[in-house]
Number of protein chains: 4
Amino acid sequence: MQNSSRTGRPRSAAADAAILEATREALVELGWSKLTLQDVATRAGVAKTTLYRRWAGKNELVVDAVAALFDELELPDRGSLAADIEGVVLQFAAILDRPEAKSGLMAVMTESTRDDALRERIRTSIVARQKRLVLAGRARATARGELPPAADAGEAARTVDLIFDMVAGAVLHRTLVSARPADEEWVRGFTRVLLGGLTAPATRPWPSQKPGGSV
Amino acid sequence: MQNSSRTGRPRSAAADAAILEATREALVELGWSKLTLQDVATRAGVAKTTLYRRWAGKNELVVDAVAALFDELELPDRGSLAADIEGVVLQFAAILDRPEAKSGLMAVMTESTRDDALRERIRTSIVARQKRLVLAGRARATARGELPPAADAGEAARTVDLIFDMVAGAVLHRTLVSARPADEEWVRGFTRVLLGGLTAPATRPWPSQKPGGSV
Amino acid sequence: MQNSSRTGRPRSAAADAAILEATREALVELGWSKLTLQDVATRAGVAKTTLYRRWAGKNELVVDAVAALFDELELPDRGSLAADIEGVVLQFAAILDRPEAKSGLMAVMTESTRDDALRERIRTSIVARQKRLVLAGRARATARGELPPAADAGEAARTVDLIFDMVAGAVLHRTLVSARPADEEWVRGFTRVLLGGLTAPATRPWPSQKPGGSV
Amino acid sequence: MQNSSRTGRPRSAAADAAILEATREALVELGWSKLTLQDVATRAGVAKTTLYRRWAGKNELVVDAVAALFDELELPDRGSLAADIEGVVLQFAAILDRPEAKSGLMAVMTESTRDDALRERIRTSIVARQKRLVLAGRARATARGELPPAADAGEAARTVDLIFDMVAGAVLHRTLVSARPADEEWVRGFTRVLLGGLTAPATRPWPSQKPGGSV
DNA sequence: GGCTAAGCGAGACGGTACGTCAAGTCTTGCA
DNA sequence: TGCAAGACTTGACGTACCGTCTCGCTTAGCC
């Protein structure tokens, strides 16, 4: 990545930022399918060639443009696991409510169903980076005694994945499919179910022993 | 709908079926973005104009083509709420695992972020029709005594919506974003959490007593 | 043509006239290239099928529609050959000045460059029928003593053809290419040259004596 | 015309020639109405878009393609006005006998009946450029004493226009409408009439005095 | 401080798909 | 059986965007 030859004119650093910003702007105004690279280039005051020199195409560009949106997610300590979850879910819902996130994220996810490289790029650029939130929340709750310590690493990883699927999936579905706001009331209900499920004694997920499948 | 004029040559009924089938076939082979209406028309043995006479465009066509896939979802009585949920979630996951469902559903959902008519079409053609499963499962579980009767109609509707968002969302995310199989193990874990949350006494969603109702 | 079987519903006679009139009307408004058979059918209050049952296509229809325009050409006796020619040339120019004649006639002539059947149809329907004017004018002038009698039939035919080419060609070119009016002044000048050439003693066309017959 | 911006990739000069040549070739093989721009593009080894970037449509393209054909007309000194006229008329007839000239020229003339811009383009690209021949022939004949000097500029212009209409019109009509060859015999007859008319003493065109309309 | 390699804006280029339109044929039901 | 209505196949239209390419110009870094 850093091997770019030393000679020649260096790439304009400002261009990158302008392009990503222009991409988000175009996503808001036009949506994914009407967004054209020429339009993005014009908005950014840049030639189309410059764009292609840095990204392979529309998909890659939009992944990068959208990824930045999720970096602002934070997990301040709100005193309880329930409050922490509610807080981050609301933040997540707020981001997903922005048109550029909706259009852009869904579109690249769609394309990724036929493009493994793109899916990997999404997972590393967006999804994996946000798992930190789940991990941080879990650690904090464990320290508080709200959750038992993980029995082993495998179970911990599976639980994190499950939680991530449930949180992100429910908010995505609520916002994009049901097209209704993931507002405070909905988030509170969701959190109760999620947290209730995670802490219900008899139904703790994946007990190491699976005696009779009595579940 | 029934107002089609009496005169003139009637539309070929066979063409509709052939077109929808060809659309699914093309989705499997090409995915959304590479699918062209000319290709669909050729596969269906039909002229492109016939396609445009019946659907406004790619989006509408794919919605209809994909909607049929979900009609095969059923909710056989497996004896317990947990087993019922696991069964239907697995069915849902199996459908979503098909390439035509993945590409097609995600794509029209993406477009629907900028097109209210399309979103409505999706909701009525696909989503609403499957809520019957949640309602049937709830009724059956209530009859079994596994769930308390709904306190009132509003709460019931909200709970149905929440469950639908959680179930469909989690499977979608697992399948499309995490790109890992929603297999039996995952489904079992998911069901435990969901069911635990729904039945956990202290965290029953939206308890009817809420003194200030300020939420 | 007259062999239509006795059984079944007879063809509407009124339809033919309505269709031809509608064709001329459409030619005026739209010109050749924008004229559609569906539009003609609609104007005539007739179904497209009816049209195709009677004409093979646009070309044939327009030939028939335009041919009628030229039937109104007449050659009243104006007292002298020059006056007769001027009169008929002005009439011809007047017809060619109508949009339907311009567009229609030129277009079918264009098509006829690649379609021998169409060219023949034009020649018999339009051109040959108007040669009567040249013949009548020649006979009248010969009777008046303005022109010498034809030496033989071959020469007469050649002269008629030449005059027809010169008259029709000059008016066509003036009207369609030069796009300037073939008005009285122009017609007078043209007639002088034509008539002067035809009667000039030393340059009488095709003098019968031509020793070597090398032509 | 010379304002083409300095930036950007310059247009391929070779493409223009290839396209015009391909257009003439396609005209020969297919005629006007069957000629498609895609076919021309393919023959020229060029994309359809390149065609549309340079010409507004079929009409404009064919005007340019056909115009070049007429540039080869010349007026070598053959010793007498009659011989000069015969020579150039034969040349003109030879060009018009080519299928691409027939189809192309007629077609654009047809379209020009409804399109003033196109007619103007034809007049400037084709017609006006060939009037040089009439002017040169007239000058040469005047120098030889075969024609009297023009009385005034207005009369000269009118005479040139008239001669052009007569020559071009007669050849056009002979070739395209009568569909018979404008061969040497026909040309000699035509030239005799034309020249006889132009030089006949009593019928010199447009004498300044118009006493009694006795013509 | 000039050389040089790369970046850059502009825009032409070969492609591909779009959505529309007209030509000409075929299939209904009514008269 | 003629006819109006209109669905059908076919194929060209003109447009838009893709991703590549060729220009001439700019700009930084190294010699």
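In what follows, every chain begins at residue 1, and chains take the letters A, B, ... in the order their sequences are listed. Quick caveat, the model's predicted, so the values are computed rather than measured.
The nearest heavy atom of DNA chain F to B:R11 and to C:G45 marks one nucleotide each, and the one closer to the 5' end goes with C:G45.
Rounded to whole angstrom, the span from the CG atom of B:D16 across to the P atom of F:dA7 amounts to 13 Å. D:E111 has its CD atom 13 Å from the P atom of F:dC13, to the nearest Å. Distance, C:L61 CG to E:dG24 C1': 14 Å, rounded to whole Å. If you measure from atom CG of D:L51 to atom P of F:dG14, you get 11 Å, rounded to the nearest angstrom.
Judged purely by distance below 3.5 Å, without hydrogens or angles, the side chains of B:Q38 and B:T42 pair a donor atom with an acceptor atom.
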Exercise. Check the pair D:M106, D:K102 against side chain to side chain contact (heavy atoms under 4.5 Å, CB included), reporting the backbone distance first and the verdict last.
Key: CA-CA 6 Å; D:M106 287 290 288; D:K102 267 196 262 220; 5.5 Å; no
Distance-only donor-acceptor pairs under 3.5 Å for side chains of residues 59-67 of chain A, two or more places apart:
from  : atom 1 : to     : atom 2 : distance (Å)
A:D64 : OD1    : A:R121 : NH2    : 3.2
A:D64 : OD2    : A:W55  : NE1    : 2.9
A:D64 : OD2    : A:R121 : NH2    : 3.1

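Contact annotation: B:T50 side-chain N/O to F:dT9 OP1/OP2 distance is under 4.0 Å. Between B:R54 and F:dC8, a side-chain N or O to OP1/OP2 separation shorter than 4.0 Å is present.
Contact between B:L35 and B:T23 at its shortest, heavy atoms only, is CD1-O, 4.0 Å.
Residues meeting the side chain to side chain donor-acceptor pair (under 3.5 Å) test with C:D115, sequence neighbours left out: none.
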Quiz item: Nucleotide by nucleotide, 5' to 3', does protein get under 4.0 Å of the base (B), only the sugar-phosphate (S), or neither (-) in nucleotides 17-23 of chain F, counting heavy atoms?
Solution: SSBBBB-
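Between the side chain of D:R114 and the backbone N or O of C:V28 there is at least one donor-acceptor pair closer than 3.5 Å.
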